[in-house]
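Following: one structure in C-alpha cells, then a few remarks.
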Amino acid sequence: MSMHETAIGTDPAASAIEVPAASATGVQRLTMAKALNAGLREALSGDDKVLLYGEDIGALGGVFRITEGLQATFGTDRVIDSPLAESGIVGTAVGLALRGYRPVVEIQFDGFVYPAFDQIVSQVSRLRFRTHGALGVPMVIRIPYGGGIGAIEHHSESPEAYFAHTPGLKVVTCSNPSDAYWMIQQAIADDDPVVFLEPKRRYQEKGEVDVSAPPLPLYASRTVKPGTDATLLSYGPMVRTCVQAAVAAADEGRNLEVIDLRSLSPLDDAAVFASVRRTGRAIVVHEAVGTLGIGAELAARIQAECFYELQAPVLRVTGYDLPYPPSRVEEGYLPDLDRVLDAVDRSLAY
Amino acid sequence: MSMHETAIGTDPAASAIEVPAASATGVQRLTMAKALNAGLREALSGDDKVLLYGEDIGALGGVFRITEGLQATFGTDRVIDSPLAESGIVGTAVGLALRGYRPVVEIQFDGFVYPAFDQIVSQVSRLRFRTHGALGVPMVIRIPYGGGIGAIEHHSESPEAYFAHTPGLKVVTCSNPSDAYWMIQQAIADDDPVVFLEPKRRYQEKGEVDVSAPPLPLYASRTVKPGTDATLLSYGPMVRTCVQAAVAAADEGRNLEVIDLRSLSPLDDAAVFASVRRTGRAIVVHEAVGTLGIGAELAARIQAECFYELQAPVLRVTGYDLPYPPSRVEEGYLPDLDRVLDAVDRSLAY
Amino acid sequence: MTQSAGNNREPSVADVPIQLLDPSGRRLDHPDFHYDGTDADLAASLRDMVLARRIDAEATALQRKGELGLWPPLLGQEAAQIGSARAVRDPDLVVPSYREHGVAWCRGVDPVDLLTTFRGTGMTDWPSRPDTFYPYAFVIGSQTLHAVGMAMAQQRDGAVGNDDPDANGAVIVYFGDGATSQGDVNEAFGFAAATSAPVVFFCQNNQWAISEPAIVQSRVPLYRRAAGFGFPGVRVDGNDVLAVQAVTEWALDLARRGGGPVLVEAFTYRMGAHTTSDDPTKYRTSDEVAEWRAKDPIDRLRAYLTAAGAIDDAWEAALVAEADALAARLRDGCVSLPEPDLADFWDLVYANTPDLLVRQREEFLAYEASFEEAR
Amino acid sequence: MTQSAGNNREPSVADVPIQLLDPSGRRLDHPDFHYDGTDADLAASLRDMVLARRIDAEATALQRKGELGLWPPLLGQEAAQIGSARAVRDPDLVVPSYREHGVAWCRGVDPVDLLTTFRGTGMTDWPSRPDTFYPYAFVIGSQTLHAVGMAMAQQRDGAVGNDDPDANGAVIVYFGDGATSQGDVNEAFGFAAATSAPVVFFCQNNQWAISEPAIVQSRVPLYRRAAGFGFPGVRVDGNDVLAVQAVTEWALDLARRGGGPVLVEAFTYRMGAHTTSDDPTKYRTSDEVAEWRAKDPIDRLRAYLTAAGAIDDAWEAALVAEADALAARLRDGCVSLPEPDLADFWDLVYANTPDLLVRQREEFLAYEASFEEAR
Ligand SMILES: Cc1ncc(C[n+]2csc(CCOP(=O)(O)OP(=O)(O)O)c2C)c(N)n1
Ligand SMILES: Cc1ncc(C[n+]2csc(CCOP(=O)(O)OP(=O)(O)O)c2C)c(N)n1
Ligand SMILES: [Mg+2]
Ligand SMILES: [Mg+2]
C-alpha cells in the first residue's frame, strides 16, 4: 500500500533519528531494550533507594527483557516480582516512595495500566498537592506502549493522553536508544512521579548510545531534523515515521522540520511555537486516537500562540477513533509515512 | 471579586437557560434533582429491564437524593444497594447488561469513578467492538460531577475528558432540569454505554419541565442564546455561567451566542462550526483542567474546519492545570462570568 | 501476649486435592465426591481431552510457522477443562479467560474460530460461539465480575432455586492462580457472596503466572480464600478428570439450587510455555516439569480405561484418525480465515455510528482509493 | 452429591468479640488476651476518649454553625480509636482513613489542624502532623495499599524482626466495614500476606457504610477474611478500650517481630451520622441506636474506674475543665485558620514547577490585579 516502499526499505531515516554521539568515549551500539536495561542498571547502582517492581521482572527479566539480569545483580529485595495486581503494585509503591524509596514500576503492557488508574490519578499524582508539599512520590511508572507488533487486544494501547490530562504527573517517552538510556535515569532522579512510556515496536532497533555523555534536560524537545516548509511534531514510536516522511519529502523538494517532543507533560511548547512561527505549518503525528489526543492540545496551543503565523490549520495524523483493531489491519490503522505526507500535501495546499 | 455582581444577583440568565415549555400540558417546575428522579422513575416504569445500581441509592435515595423513593416503588431487585466497590459495580453491571438488563449505575461522586476505570475503558466501551457487534452494553453510568459546592477533595472533579478520549463511550451532560429529565431517559434507551454527567452544583436549581413533551435527539447541541459577535461553547454547570456572561455582555453592546453542547462524545461539531463560521470567534468554557480538556479538542477541530473564518484564535476558559484546590479558593479556580468576559475581550481584541 | 487466632498457614486435610483417579490410573473412593458416569462417559472425556490436546498442539505449530501471532497453550490442563466443561449444561453460562480452548471445544465452539483472535484477523468473539459461552478475556480477572453480574441476572430471571432443576442455571467463570491477586477477582468474590449469586469460580491453579510461582500470589492454598468471603472452597486434583467433573457438578448444582457461589481450585500444571512468546526455561526446572509429566491427565485416564477394557486399539486408532482430521481442518481453516478489512471496524464501535466515525471511514476509503488511482 | 466443604456461614466462637470490660463496667478474663496497664493508664485512656468525643462534638457544632463544610463524627468509636492508638509506639507508622480524629489526637496531631480539611482552607495534611502519622484518605481503601508499601519499606530498612524490640516497627492502617469490599483493600491483604509485611489492618466495623448495613458487604464476620489470605484475623469488642488495646498490642507486636500481617475487626457502632451531611433516620431505627448507646465505650470505662476508686469527682471536674478549654481552643482555632491564597497552589503540584504552571500563575495574578485596578 505504501507509495514509498523504497524509502522505507533503504531507511535513510535510521541515521537521522540517532543522536550523534558527541565523543567516542563510552559509545556503544545498543537496542533500545538494552539501553533501557543499561540505564536501569546505572540507576540501581547509583542509588540504593532505587527499586524495580512489577510482574515477571525478576528471573524472567520482564516479558520484553528490559530488566534482564538485574535481579541477579541487585537481589530480590531491590528487583521485586510483585503479585499480579496493578493497583496493588502502584499503591504499595506509593508507600515505598513515601518512606524514602524510589520505586520504578513496570506495567507489563499499556492495556494493563487501567486497573491502577485510581492510584495513579488520585494518589500518585496528588500526594504532594494533598499534603501541601509535605510528601512527594518519586516514582517512575514504566509502560511499554503502542502498536505495530502484531499483538492481541489490550497490548497495543497508547494511553498517554489520560496521564497528560492529569495534573501532578509528568509524562515522557523516548524514541531512540540514546534517549532511552539517559531519560530513564533522569526520570528516576526526578522527585516527581513520571510516567515513562516505552515504544515497544522500537525496542529492538539499534542506535549509538554514549554512556559517558552528560544527560540532557528531561523536559526539552529535540529538533531531530531542521526544516523550513512545515513542522512535524511527534514522539515515541512515530518519530522514526516522521523522519522517514521528511526524508521522502526531501526527494520532492520539501524541507520538513521534525521535532521529537520527548515530554508530553509538561509540553515543551516554546520550542514548538518557535518552529511553527518559522515554518507556518504544523502536523502532529501520534498513534493514539485523535479525539483528545496530544495532537488536540498541541493544535489548541499552536493556534492560540501562532495565530497570525499559521499558513494552514494544524493538522493531525493519528490513530482513528476506534479501539485498537486486530493486528492484521493495524498497519492501516497506524499513521505511516504516506499518511504523514498526505497531511503535508494538505497543509501546503492551504 | 466579581465585576458583575448585580448581573449575578438579579440573574436574568435564569430564564434564558430554561428550555421554554412547548405546551402547558404536563409542565412542572422542578429542580434538576427532582427532574432526574422523575426521569429515572419513567425509565423504570417503562421497561422492566431497567435497574438502578449503586452505593446508598436505596433507602437513602443516594447522597444527592436523586433516587429517592424509587426503591420503595420498584423494590430491592430493581433499585439495588451495591457493596462499596466501583469496579465491582460497573463490572457486575456489564454482566447484567450482557444478559439483557439495562443497568443505570450511580457513581457517588466524580472522584470515585477511577477505581472503575479499567472496567469502563477496557470492557464497557469495547465489548461491542471486541465481539464484532455480537454483544452490546446498554449501560448508563451516572456521575455527579464538578465543583462549586464547597466539598472536600475528590468530590469536585470533572473527569469528562478521560471518557471522551475513549472510543466506544458516549458522554453527555445536562445543564437544566428539562434536559435532565429527557436526557436521562434517552441515555437509558440508548443501546450504547453512556456516561451521564450531572452538574451537582446545579442539582437544586429549578426550571420548567414538560414531562409530556417528546424528547429531543440526545447527541444534538442546543443554541441557548443566539448571537453574532462570538460563540461561547460550554456544557453542564458552565452553561448558566455563559448565559450570565452573555447577559452581562449585552449591557456593553456585545451579542454573544451561547451553545450548550449537551454531548461531549460524540461532539455536535457541525453546529459548532456553523456558529463559529458566523461569529468568527469561539470561546470554550469548562471546569475541567485546560490541558487536554474538551476545549482542546474543540479548538483543534474549529481551527481545522473554520480556518479562514476565524477572526481570533479559539480561546479556552477552564479550570487551571491544578488538582482541584480546597473549597475556600474554588471560586477563584472555577471559570466565572468575569473570566468569560475577559476572554471575550481578548477574542474581540484580535 | 501471643496466640495464633485464625493463623491459617498450617496445612489442613482440605489442602489435599480431592482425587478419584490416581496418576497410575487407579480409581479411588472419596467420602464426599463420586463420579457418577459410566466408562463410556469417561471414554468420551478421554476423546475430548485428546482432541483438545491436539487442537492445542496444532495451534502451537501454526504459531511456530508464523500463521498465528501468539498462542496460549493448555497442555497439561485438559482434565481441569474437560472435566469442568462436561459438568456444564444449559442454561448454564460459561465465562472463559484466554486458555480455555478445551472448555470452548466442549461447549461447541469451532476451534478454527478461536484462531481468529491469535491470527489477528478478528477480536475475541467467533461466529460459532454459542450464546451461553462468553468471549475470551485478556485483562486478568475482569471477566469474573461479568460472571457475577450474569449470575445476578439469572437470579432476576427466576433461573435459580426452582423446584424443577432443569429450569435452574448457574455461571462458571475461569481464571488462573495469578488472577487471584487482582482486585476485580476479590470484588467478584465479595459481590457474589453478598448476593448469593449462582456462580462457580473455577480457578485453574497451574502453579505459574507467567514466570511467577503461585507462592508469589499467596502463602496459603487458594481455595481457602472462599471461606473468608463466606462461601465454600474446595481443592481438586486438576489432572483427574473424574474428580474435576464430580466437584464441578456439585458446585454448579449448589449454585443452581440457590446455595450461592463456590470456589473450585483445580490443582494442575501448565506443561508448556505461558504463551508461544514465553521461554519457561528461564524460570523453572526440568525436574519440576518431569514431576508433573508423571501426573499427566490423559495418561492416567487412558490407563484406567484400557485396564477396564473400555477402550482398545481400534478405539485409539479411530481417535488418532479423528484427531488427524481435526488437525488438518485446523490448518486449512487457519490459513483460510478471511482477512479483515479495516473499513468494517468503524461500524463496530457503537450500535449507532456517530457522524465523526462515518466521516472518518469515508476519509479512510477516499485515502485508500487515492493509492489505487496513483497506480 | 452434597457436602459443605468450607462453608463458613455458621457462627464460630471467634465470632464473639473479645471482651475485657463489659458494658456495665465489669472486667472480664480472656484466655488469650489481657490488659497489662494500670488503672492510672486506664484513666489516661478515659481522658483521651472524653477529649476525643469533645473534639468531635465541637467540630460537629462548628459545622452546624457554618464554620466547617463537613465533619465525619467519630461518636461511639472512641474506644476503638483510643485503644488502638495507645498500642502504637515509635517507630510504628499510622495510616488513617478520614474519621480517625481520636487516633490523631493520641498521636499528637493538633485537633485544630484537622479542621483545615473540613473548613476547606487546606487539603489533607496539617502542620502538626508528626512524620509517623499519615494524611487522611478519602478514596475508600486507597490508603491500605500505601500502608503495605510502608511496611515493605520497614522490612527493607531492617526495622522488623530484630532482637532488640525497640528497633522494630509496624504499620497500622484504619478503614471501615464498607472498605472491605474494595479491590484495593483485598489487594492490600494479598500483598501483605505474600510479603509477610508488618502491617495491622484495623477495621472499625461500625455497622454502617453510610446507609448500607454491613450485611450488604459481607454475609460473614469480616475478621474471617484474613484467614483466606493466610494471616490471623480477630474480632474485638470495639467499645471496650481494654480489649482493643490488648488485641492491637498483640497484633502490632506480632507484626514487628516479623510474623506478618494481622486483621483486627473492632466491632463498634457509629452513634452519629455518617457525616454532618447525612440523615441516618432515613435508614436505621432509633431502637438500634438505643441498643448501642447502652454499650457506650466511655460510660463503661467510667463505671469501672469509678467503682475501682481510680477516679473521683475532682478528677472528673478537672477533665470537664480541660475539655471545655480544648473546645474553646478549637472554636477559636477554627475561625482563625489562615485563609488560603489560590496563588500558592501552583507551586504544590510538582517538586519543580513547570513553565506552563509558572505562566498560569502569572496570568492569574495579572488577572486578579486587573480587578484591583478597575476599582
Ligand atoms: C490486568 C493484567 N495484568 C497483566 C496481564 C499480563 N498477563 C497475561 S497472562 C498473565 C499471567 C496470568 O497468570 P494466571 O492468572 O495464573 O493464568 P495462567 O496464564 O497461568 O493461565 C499476565 C501477568 C494481563 N493480561 N492483565
Ligand atoms: C472509592 C470511594 N467510593 C465511594 C466513596 C463515598 N463514601 C465515603 S464514606 C463511604 C462509606 C464508607 O463506609 P465504611 O468503610 O464502613 O467507613 P465509615 O464511614 O463507616 O467509617 C462512602 C461510600 C468514597 N469516599 N470512595
Ligand atoms: Mg497460572
Ligand atoms: Mg462503616
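In what follows, every chain begins at residue 1, and chains take the letters A, B, ... in the order their sequences are listed.
- Only the side chain of B:Glu157 comes within less than 4.5 Å of a heavy atom in chain A; its backbone stays farther off.
- Between B:Arg128 and B:Asp191 there is no salt bridge, since none of the side-chain N atoms of the basic residue sits less than 4.0 Å from a carboxylate O of the acidic one.
- B:Thr166 touches chain A through backbone and side chain together, each having a heavy atom under 4.5 Å away.
- Counting all heavy atoms, side chain and backbone alike, B:Gln119 lies closest to B:Val90 at CB-CG1, 3.9 Å.
- For the pair B:Ile143/B:Phe163, a side-chain contact is recorded, criterion being any heavy-atom separation below 4.5 Å from C-beta on.
- With a threshold of 4.5 angstrom between heavy atoms, A:Arg316 approaches chain B through side-chain atoms but not through N, CA, C or O.
- Across all non-hydrogen atoms, the minimal contact from A:Thr231 to A:Ser275 is OG1-OG, 2.7 Å.
- Only the side chain of A:Glu153 has a heavy atom closer than 4.5 Å to any heavy atom of chain B.
- If you measure heavy-atom distances from B:Tyr308 to chain A, the contacts under 4.5 Å come from the side chain alone.
- Relative to the six-membered ring of A:Tyr320, A:Arg339 meets both conditions, a distance below 6.0 Å and an angle of at most 45° to the axis.
- When each of B:Arg130, B:Glu305, B:His165 is checked for heavy-atom pairs under 4.5 Å with chain A, B:His165 comes out on top.
- For B:Ile302, no part sits under 4.5 Å from any heavy atom of chain A, backbone or side chain.
- A:Ile294 touches chain B through backbone and side chain together, each having a heavy atom under 4.5 Å away.
- Contact annotation for B:Val121: only side-chain heavy atoms (C-beta onward) come within less than 4.5 Å of a heavy atom of chain A.
- Each of A:Pro266, A:Pro193, A:Ser265 was evaluated against A:Lys170; a single residue qualifies, A:Pro266, per the side chain to side chain contact (heavy atoms under 4.5 Å, CB included) test.
- For the set B:Val289, B:Asp321, B:Leu292, B:Leu298, the count of heavy-atom pairs under 4.5 angstrom toward chain A peaks at B:Leu292.
- Interface check for chain A: of the options B:Leu310, B:Val113, B:Leu315, B:Ile120, the most heavy-atom pairs under 4.5 Å are formed by B:Leu310.
- Contact annotation: the side chain of A:Phe117 never approaches that of A:Glu86 to less than 4.5 Å [non-hydrogen atoms, C-beta and beyond].
- The heavy-atom pair separating A:Val314 from B:Ala304 by the smallest distance is O-CB, 4.5 Å.
- Contacts of B:Tyr324 with chain A are made by backbone atoms alone, with heavy-atom separations under 4.5 Å and no side-chain atom involved.
- With a 4.5 angstrom heavy-atom cutoff, B:Phe129 touches chain A only via side-chain atoms.
- Considering only heavy-atom pairs separated by less than 4.5 Å from chain A, the leading option among B:Ala299, B:Pro115, B:Pro323 is B:Pro323.
- The aromatic rings of B:Tyr162 and B:Tyr114 sit perpendicular, their planes meeting at an angle over 60°, well past the 30° parallel limit.
- Within the 3.5 Å criterion, the main-chain N or O of A:Val171 finds no donor-acceptor partner in the side chain of A:Glu160.
- Neither the backbone nor the side chain of A:Leu267 comes within less than 4.5 Å of any heavy atom of chain B.
- Most heavy-atom pairs under 4.5 Å with chain A: of the set B:Gly168, B:Ala161, B:Pro326, B:Pro325, this distinction falls to B:Ala161.
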